[in-house]
Amino acid sequence: MKGLRIEPWRLGADRWPHVAARTDTELASEIAKASVQGTEAIRALLRDVLADKDVSEEALRREALLLFTLIEGFSLSSSTLPAPLGESDVRAVAAMTVQRMRDAYPPIGTG
């Protein structure tokens with residue numbers, strides 16, 4: 001996430017980035033930009049993975065937003081865990097989500 005830098009001194013030891021973003025418009029803007037970029041990147045990846053499936057652009061947009069929200073939730077909640085969130089954990093959830101989508105949408109030309 002180029003340009004997104006959250007300094008602990010700005011947030012305080014007991015404050016979360018999303019809470020600080022409510023009062024810091026610059027931080028809120030950076031988080032919003034990163035979220036839009038992340039969602040668009042996931043949408044592009046899903047479009048490639050689901051190229052053989054009959055998925056509308058609206059459904060693809062919704063699925064990308066849901067997957068991004070899920071991954072973002074893991075990232076935020078990981079700060080409460082004693083060990084850092086592992087890449088394998090995120091990959092496993094993303095893989096299960098993609099498989100669910102592949103199962104949910106019919107192949108092109110059959111629907």
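For reference, positions follow the sequence shown, starting with 1.
L50 and L70 end up in the same hydrophobic cluster when Ile, Leu, Val, Met, Phe, Trp and Tyr side chains are linked at under 4.5 Å. In terms of hydrophobic clustering, with Ile, Leu, Val, Met, Phe, Trp and Tyr side chains grouped at heavy-atom distances under 4.5 Å, F68 and L45 are assigned to different clusters.
Atom NZ in K33 sits 7.0 Å away from atom CD in E30 (nearest 0.5 Å).
Taking the side chain as every heavy atom from C-beta outward, K53 and I108 never approach each other to under 4.5 Å. Between T110 and D54, the closest side-chain pair of non-hydrogen atoms is not below 4.5 Å. E63 has its side chain within reach of Y105: a pair of non-hydrogen atoms, C-beta onward, lies under 4.5 Å apart. Using a 4.5 Å heavy-atom threshold, the side chains of P107 and D52 count as separate.
Partners of E57 by side-chain hydrogen bond (donor to acceptor under 3.5 Å, both in side chains), not counting sequence neighbours, listed by chain and number: R43, R47. Scanning for salt bridge (Lys or Arg N to Asp or Glu O under 4.0 Å) contacts around R61 gives E58, with sequence neighbours left out.
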Kindly indicate, with the supporting measurements, whether the criterion side chain to side chain contact (heavy atoms under 4.5 Å, CB included) is fulfilled by T39 and L67. CA-CA 8 Å; T39 302; L67 183 54; over 6 Å; no

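Screening L46, V93, D103 against V98 for a side chain to side chain contact (heavy atoms under 4.5 Å, CB included) leaves a single residue, L46. With T69 as the fixed residue, the side chain to side chain contact (heavy atoms under 4.5 Å, CB included) test singles out one of L66, I71, L65: L65.
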